[in-house]
Undergrad: 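Quick one: the structure is below, questions incoming.
Atoms considered below: every heavy atom in the structure, side chains included; atoms not considered: hydrogens, waters and symmetry mates. None of these values were measured; they are calculated from a predicted model. Indexing begins at 1, ligand by ligand and atom by atom, following the structure's order.
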Amino acid sequence: MKLTGSYALKVALTYAAVGALWILFSDATVEWLTGNATARNAFQEHKWWLFVLASSLLVFWLSWRALAEQGGLIRRLRQSAIVFERTHEGVVITDHRNRILDANPAFSRMVGRSEAFLRGVDLVTLHSSRHDGGFFDDIRNHIGEQGFWTGEIWNVGPDGSERPYQATVTYVGSGRDGQDRYAWIFTDITGLKDAQKRLEDLAYHDALTGLPSRLQVGDRLRQLLAEVGDNRRIAVLYIDLDHFRNVNDSFGHPVGDDLLVLVARRLQGRLPEGAGLGHLGGDEFLIYLEDVTDSGQAGECAVNMLKAIAEPFVLPNRREVFVRASIGIAFYPDDAGTAIELLQYSNAAMFEAKRIGRNNWQYFSEQLVRRASKRLQLDTRLRRALEREEFTIHYMPIMGGKDADEVCGAEALLRWLQPDGTLMAPEEFISAAEETGLIVPLGRWVLQEACSQAAHWQRMLGKDIPVAVNLSAQQFRTGRLYDHVERALQESNLAPHLLNLEITESMLMEQIQTGQNVLGRLRQLGVHVSLDDFGTGYSSLSYLRRFDVDTLKIDQSFISDLVANAADRDLVSAIISMAHCLRLKVVAEGVEDTGQLEALRSLGCDCFQGFYFSPPLPQEELVAWLGDDMRRHAVPSQSSAESR
Ligand code: C2E
Ligand code: MG
Ligand code: MG
């Protein structure tokens, strides 16, 4: 029990009552207990001393308790005082009119005023002018309801600057004058605020280019759309650099970053008036034109940006780099109704620009949406087809020898045998499979299947017939091509020299730029490599020299007019001579008649492939075709072959 006033009164009254009882009844009680008047007289003589002894004991006990309690109180008060003095939080006690009654040193440091000065000052006058009277009324109301308030308050610092504090105000009872007292505790949150601002800046600005980030661009577009309503037209240009990956892969990411900074600066420098630029991340930039009266304006801007990007960039390491870009354009409110749609549709238009050859720009159109959804459907059907094993491979013989009557290989060509029995050619689905990445498992399946077929031919016919397999750039990029090839060879037990991988020039370029040299490793394994469709791409002699392939396949577009067109003949002749100089074997694709065959033979072409010999055949028919030496020069009947 605590030593309070009422407790002291209770003790005094009890003492008075016990004392009175002692005086009045102690004699009679002793006589009644002993039944002896002598004992009572003896007691009477000493009872005063007993009374004094009991009183002394009581006084001692009460004093001892009071002192112990007071000591604890003093200790606690001293501790509280130390906390008040030494804490880094500013602590202020105010009265009901916000006048400061006491302030600790931390608070005095916070506001740059001495504790003596602060006493009696209205606390509100030390707060920033950004808080009006209503703000303090709200605090008071809140304390009235809840007994405390907590929130952010800006105080004026010693140098007159304003600093943010986390403040907690608590009602601490009333003083001697009966008025309410409040304790205010202030914690400096300047560091926290700075960190918060830095985080916001980071999210709002791209750290690399310093341009507004995707988040800020999105916010700006939303704000713009809300401001203009339907009265103004806004255009969004989604810019994506072409083959930027190659720059990163060839020169490394730091150089790629340098290039992005240069691109950002150049775009910024060429922006038309009323346009904003943002960096969406990676190699993607976005330009918005705030007031477009004519859609041609956006197209013009796209052309200028493409021109700006096409100019060479000189990197800090003095290396000159050329880049190109693809741009998609969408309009508000014509195409899109929201900022998200603007981004989405301009992005779809950008992909269309990529699809039709890159380094150009495209407007968004409804047709694009339809095409995208068709693509999506095709993708779903393709995935299902792979699961249901609806793909099959046809093989097209490749002929060689002195009289072009020896089979020197067969090319594996993928077909999709749809549930309704129709055969779909690769041209119609390969690019879709490449876009979605399905080409990787599909290509791997072709590789395994073709290898086991070639092993089967060897067993059936006792003859080495190499199988040629077309590769997609995607398979190349997975970084697992070598493993997949090695595995297919192991599983089929096929000798590596009987596998011929057909690649295109762009893949060869990519390989050189990335320095992967997967093909080099594959050649070391014993696998042969052919360069397919030669003449349709870069046709770069230097690439051919740098990366030695085994065979060069001249594209059929050069063969079809070979007899009639002298220029084509000269070109094919030059390709063949060049290939022979580099010790490459030459295969001509698309040989359809004797004229072409004879012309090619006279130019020294080594091997031939085309409908003249045979169209692509299903596996069993190819075995029959190969086995029948007599029919080698005959064109197979329509029923057994694919329609041309
Ligand atoms: P490619 O590798 O250049 O294959 C040769 C294409 O030319 C084949 O078309 C073949 O049927 C056709 N061809 C050959 N000789 C003649 C001829 O005398 N006249 C005519 N008109 N055409 C001839 P196909 O099978 O439609 O394949 C087209 C392309 O699809 C291939 O071109 C290849 O790039 C790709 N492809 C086929 N199978 C695969 C595969 O498994 N994976 C990958 N990534 N691509 C494949
Ligand atoms: Mg091919
Ligand atoms: Mg080809």
Undergrad: Nearest non-hydrogen contact with atom 29 (C) of ligand 1 belongs to which option: Glu589, Met424, Glu427?
TA: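 Considering heavy atoms of Glu589, Met424, Glu427, the nearest to atom 29 (C) of ligand 1 sits in Glu427.
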Undergrad: From atom 39 (C) of ligand 1, work out which of Asp555, Asn470, Ile439 has a heavy atom at the shortest distance.
TA: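 That would be Asn470.
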Undergrad: Please could you name the atoms of ligand 1 that Ile430 approaches to less than 4.0 Å, counting only its heavy atoms?
TA: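 Listed by number with element: 43 (C), 45 (N), 46 (C).
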Undergrad: Return a yes/no value for Glu411: is any of its N or O atoms, backbone included, closer than 3.5 angstrom to an N or O of ligand 1?
TA: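 There is such a contact, yes.
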Undergrad: For His394 and ligand 1, answer yes if some heavy atom of the residue is under 4.0 Å from a ligand atom, otherwise no.
TA: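 Contact check His394 vs ligand 1: negative.
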Undergrad: I'd like to know if the side chain of Glu491 and the backbone of Ala488 have a donor-acceptor N/O pair within less than 3.5 Å.
TA: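 It does not hold such a pair.
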Undergrad: Counting from 1, what ligand 1 atoms have a heavy atom of Val591 closer than 4.0 Å?
TA: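 Here the atoms of ligand 1 in question are 18 (O).
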Undergrad: Does any donor atom in the side chain of Asp240 or Ser326 lie under 3.5 Å from an acceptor atom in the other side chain?
TA: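 Side chains of Asp240 and Ser326: no pair found under 3.5 Å.
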Undergrad: With heavy atoms of Gly610 as the reference, note each atom of ligand 1 found under 4.0 Å away.
TA: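 Counting from 1, the qualifying ligand atoms are 15 (N), 18 (O).
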Undergrad: As a quick check of understanding, evaluate side chain to side chain contact (heavy atoms under 4.5 Å, CB included) for Phe391 and Leu442, giving each step before the final call.
TA: CA-CA 9 Å; Phe391 289 102; Leu442 195 54; 3.5 Å; yes
Undergrad: Do the side-chain N and O atoms of Gln609 and Glu589 include a donor-acceptor pair separated by under 3.5 angstrom?
TA: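 Side-chain D/A pair, Gln609 to Glu589: absent.
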Undergrad: Report yes or no: do Tyr238 and Asn347 form a side-chain donor-acceptor pair below 3.5 Å?
TA: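 Yes, a side-chain donor-acceptor pair sits under 3.5 Å.
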Undergrad: Please lay out, stage by stage, how Lys374 and Arg370 fare under the test side chain to side chain contact (heavy atoms under 4.5 Å, CB included).
TA: CA-CA 6 Å; Lys374 239 171 117 182; Arg370 278 198 295 277; over 6 Å; no
Undergrad: What part of Pro616 sits under 4.0 Å from ligand 1 if we count only heavy atoms: the side chain, the backbone, both or neither?
TA: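 Near ligand 1, Pro616 shows its side chain, while the N, CA, C and O stay back.
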Undergrad: So between Glu428, Gln556, Glu502, whose heavy atom ends up nearest atom 12 (C) of ligand 1?
TA: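 Nearest heavy atom to atom 12 (C) of ligand 1 lies in Gln556.
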Undergrad: Does the ring centre of Tyr395 sit less than 6.0 Å away from the ring centre of Trp457?
TA: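 Yes - the distance between ring centres of Trp457 and Tyr395 falls below the 6.0 Å cut-off.
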Undergrad: Could you list the atoms of ligand 1 found under 4.0 angstrom from a heavy atom of Asp533?
TA: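 By the 4.0 Å cutoff, the relevant atoms are 3 (O).
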Undergrad: Is there at least one pair of N or O atoms, one from Met396 and one from ligand 1, spaced under 3.5 Å apart?
TA: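 Checking ligand 1 against Met396, no N or O pair falls under 3.5 Å apart.
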Undergrad: With atoms numbered from 1 as shown, which atoms in ligand 1 lie under 4.0 angstrom from a non-hydrogen atom of Arg415?
TA: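 Numbered from 1, ligand 1 contributes 25 (O).
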Undergrad: Short list, please: which atoms of ligand 1 are under 4.0 Å from a heavy atom of Glu592?
TA: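 Taking each heavy atom of Glu592 in turn, ligand 1 has 17 (C), 18 (O), 19 (N), 20 (C), 21 (N) under 4.0 Å.
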Undergrad: Run through the protein N/O/S atoms less than 2.8 Å from the Mg ion (ligand 2) and write them out by chain and number.
TA: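 Only Glu411 OE2, Asn470 OD1, Glu502 OE1, Asp532 OD2 fall inside 2.8 Å of the Mg ion (ligand 2).
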Undergrad: Is it the case that the side chains of Thr504 and Asp533 hold a donor-acceptor pair, with the cut-off being a distance below 3.5 Å and no angle test?
TA: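 Absent: no donor and acceptor within the cut-off.
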Undergrad: Go through the structure and list residues passing side chain to side chain donor-acceptor pair (under 3.5 Å) with Arg266, not counting sequence neighbours.
TA: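 Once residues adjacent in sequence are excluded, Arg266 has no partner under the side chain to side chain donor-acceptor pair (under 3.5 Å) criterion.
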Undergrad: I need the contact type for Asp532 against ligand 1. Using non-hydrogen atoms and a strict under-4.0 Å cut-off, is it side chain, backbone, both or neither?
TA: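 For Asp532, the contact with ligand 1 is made by the side chain alone.
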Undergrad: Side chains of Thr209 and Asp206: any donor to acceptor distance under 3.5 Å?
TA: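 Yes, because at least one side-chain N or O of Asp206 sits under 3.5 Å from a partner of the opposite role on Thr209.
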Undergrad: Would you say the rings of Phe322 and Phe313 are close, in the sense that their centroids are separated by under 6.0 Å?
TA: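 No, the ring of Phe313 stays outside the 6.0 Å limit from the ring of Phe322, centre to centre.
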Undergrad: Within the structure, is a non-hydrogen atom of Gly590 found at a distance of less than 4.0 Å from ligand 1?
TA: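 Contact check Gly590 vs ligand 1: positive.
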Undergrad: Please assess Asn500 against Ser530 for the test side chain to side chain donor-acceptor pair (under 3.5 Å), listing each intermediate value before the final yes or no.
TA: CA-CA 7 Å; Asn500 196 330; Ser530 296; 2.8 Å; yes
Undergrad: Do the side-chain N and O atoms of Gln418 and Thr422 include a donor-acceptor pair separated by under 3.5 angstrom?
TA: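 Side chains of Gln418 and Thr422: pair found under 3.5 Å.
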